Engineer: 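Pasting a structure here, questions to come.
Whatever order the structure lists them in is the order used to number ligands and atoms, beginning at 1. Note that this is a predicted model, so its numbers are computed, not measured.
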Amino acid sequence: MELISRKDVPVEQTWDLSLIFPDEKTMWEALEETKKRTAAFVRTYAGCLNSAEKIVECLDEMEQILLQIGRIGSYSGLALETDYTDNALRERDAKVSDELTKLQSAMAFADSEILLAPEEVLKAAAERASGCRIYLQDLMARKAHMLSPETERVLASLSMSLHVPYTVYNTMKLADISFDPFTVNGKEYPLGYSLFEDNYELESDTDVRRAAFRAFYDTLGKYQNTTAAAYNACVTQEKTMAELRKFGNVFESLLFEQKVTREMYDRQIDVITEKLAPHMRRYARLLGKKHGLDRMTFADLKIALDPEYDPKVTIAESHRYVREALAILGKDYEDMVDRAYRERWIDFARNIGKSTGGFCSGLYRQNSFILLNWNDRMADVFTIAHELGHAGQDMYSSRAQSYYDANPSMYLIEAPSTMNELLLAHYLTQTKDDRRFRRWVLSSLISNTYYHNFVTHLREAWYQREVYRIIDEGGSVNADVLSGLFRRNLELFWGSDVLIPEGAELTWMRQPHYYMGLYPYTYSAGLTVATQAMLRIEKEGETAVNDWKNFLAAGGTKDPAGLARIAGFDITTPAPLLATIEYIGSVIDEICRLTEEIDGIQA
Ligand SMILES: [Zn+2]
């Protein structure tokens with residue numbers, strides 16, 4: 001399909017950024033106002049943070065400035081996300097970002113100066129604080145790991161250089177790498193990063209799919225040494241930081257911000273690797289049989305079970321589906337869904353220069369904005385439900401909490417979103433009494449929701465842990481080491497049921513997440529809590545719904561274990577994870593049963 005220019009997109013398919021500022025002029029005025037306010041902030045508080053009263057006052061004022069910075073940054077940044085080919089938007093955003101960075105660094109003195117105050121002053125401040133209490137407590141907890149103000153200043157000024165490994169990775173991936181077309185049975189096919197990930201990996205023609213796989217990994221291989229060097233620099237730097245900041249090891253340092261114990265982190269990786277594998281291997285065997293493959297390989301894992309069955313949907317229908325599926329969460333949630341469509345929070349359009357994929361960006365005590373690339377497919381409805389899950393959390397937590405406390409630890413960030421995918425699937429299975437449709441819904445849950453969060457990202461997590469173990473012992477990694485680890489990783493999980501072809505070990509080159517700390521494992525952690533909450537809602541109704549909404553509203557006021565307790569689960573024990581894996585197994589059982597009934601094929 002030919003992509004259109006942004007200017008030709010119908011307005012009803014775009015989001016309405018005038019919900020933030022009525023026009024650009026107002027945004028510039030707000031920026032000027034915020035600059036003045038920040039200058040006054042520096043004049044009032046720099047060198048004066050010596051009493052509990054002043055500290056609280058300072059953090060409360062900083063909250064108001066940060067909030068305004070967020071709104072200005074969103075207005076400019078979100079516009080650019082819809083068209084990176086628009087030079088005016090690009091220049092405007094560069095200017096706005098530059099101004100906002102200056103404001104943030106002007107306020108950076110506050111943290112280190114607050115920590116210079118005597119212990120009893122800090123305690124007194126935390127006692128009288130309301131919105132900034134947890135911020136202060138976190139700051140105090142970080143004190144043991146802070147360096148002298150001068151060293152912190154030097155490190156802050158080096159922050160751009162410390163991001164170079166990630167910049168190198170992205171430059172390789174987005175600018176340098178180029179794929180030659182490949183040929184199958186005399187026909188030539190174009191190849192590119194997103195063409196491979198969004199199309200060829202899911203292609204049901206086995207010859208095309210496997211040829212694309214070989215061509216993709218052949219090209220990737222040419223960039224492996226640069227990529228490995230960038231990655232080694234990144235993890236070595238994290239190790240150095242952990243040592244400088246007096247953490248016991250690099251894991252402790254990376255888990256500190258997430259407020260997660262090492263046990264909770266390890267459990268997620270070990271239990272899923274061991275106990276989910278038999279279920280996923282059975283699903284892989286079923287895929288192989290259904291598609292009549294000689295041998296199931298790593299290149300075949302993402303194909304749909306029933307590719308001819310792909311329900312089409314219009315945007316208007318998506319509204320009805322999502323509203324009805326999420327109505328179980330109550331009238332206010334339903335109203336939010338209606339507002340999202342009516343007030344144009346969602347950018348549906350597909351146009352030249354727009355960001356790929358989807359995301360949700362929330363504004364404190366205002367609405368959220370959702371970027372999509374709408375394709376008329378039921379899979380897009382799942383994406384909307386997912387992103388509205390983030391919007392729902394933003395709505396409840398920003399109503400109830402301060403700006404500082406609105407967001408939970410990264411560990412649970414994907415719980416509200418994946419919950420909505422599960423609720424949509426649950427709802428869809430009840431709308432139609434049709435076996436093929438039911439199998440389509442259930443296999444979407446396995447091949448999208450669970451595969452993405454419990455397999456793709458979890459294999460990354462397993463590999464990442466091995467890398468950090470090497471680094472922690474003072475070692476380093478190169479392309480051969482990384483490929484060796486990744487091959488072992490895939491073979492461990494898929495056993496003899498899935499052949500890991502040559503090239504697949506380079507899968508370590510495909511993820512930007514490795515440059516963001518211990519991120520990959522959190523996908524499965526969020527979905528574990530979501531799965532348990534969905535099953536509880538199915539069984540208990542109202543009480544479980546209320547607990548879930550209290551969980552959402554709690555934002556970041558507790559650590560992940562404390563938040564999960566509000567939803568009704570103890571994630572310090574393995575029980576929720578084991579029950580989730582059992583649930584995944586039961587869904588795969590049902591898919592197998594349906595396939596036997598519909599096609600007479602046994603897994
Ligand atoms: Zn998400």
Engineer: So, His386 and the Zn ion (ligand 1): N/O/S under 2.8 Å, yes or no?
Structural biologist: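 A backbone or side-chain N, O or S atom of His386 is under 2.8 Å from the Zn ion (ligand 1).
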Engineer: Is a side-chain donor-acceptor pair under 3.5 Å present for Arg459 with Thr273?
Structural biologist: yes
Engineer: Taking the six-membered ring for Trp, are Phe213 and Phe196 parallel (under 30°), tilted (30 to 60°) or perpendicular (over 60°)?
Structural biologist: tilted
Engineer: Under the 6.0 Å and 45° cation-pi test, does Arg262 pair with Phe251?
Structural biologist: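 Yes.
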Engineer: Of all N, O or S atoms in His390, identify the one at the shortest distance from the Zn ion (ligand 1).
Structural biologist: NE2
Engineer: Restricting to N, O or S, what is the name of the atom of Glu414 that lies nearest the Zn ion (ligand 1)?
Structural biologist: OE1
Engineer: Who passes side-chain contact (heavy atoms from CB on, under 4.5 Å) against Gln401, sequence neighbours left out?
Structural biologist: Asp405, Thr557
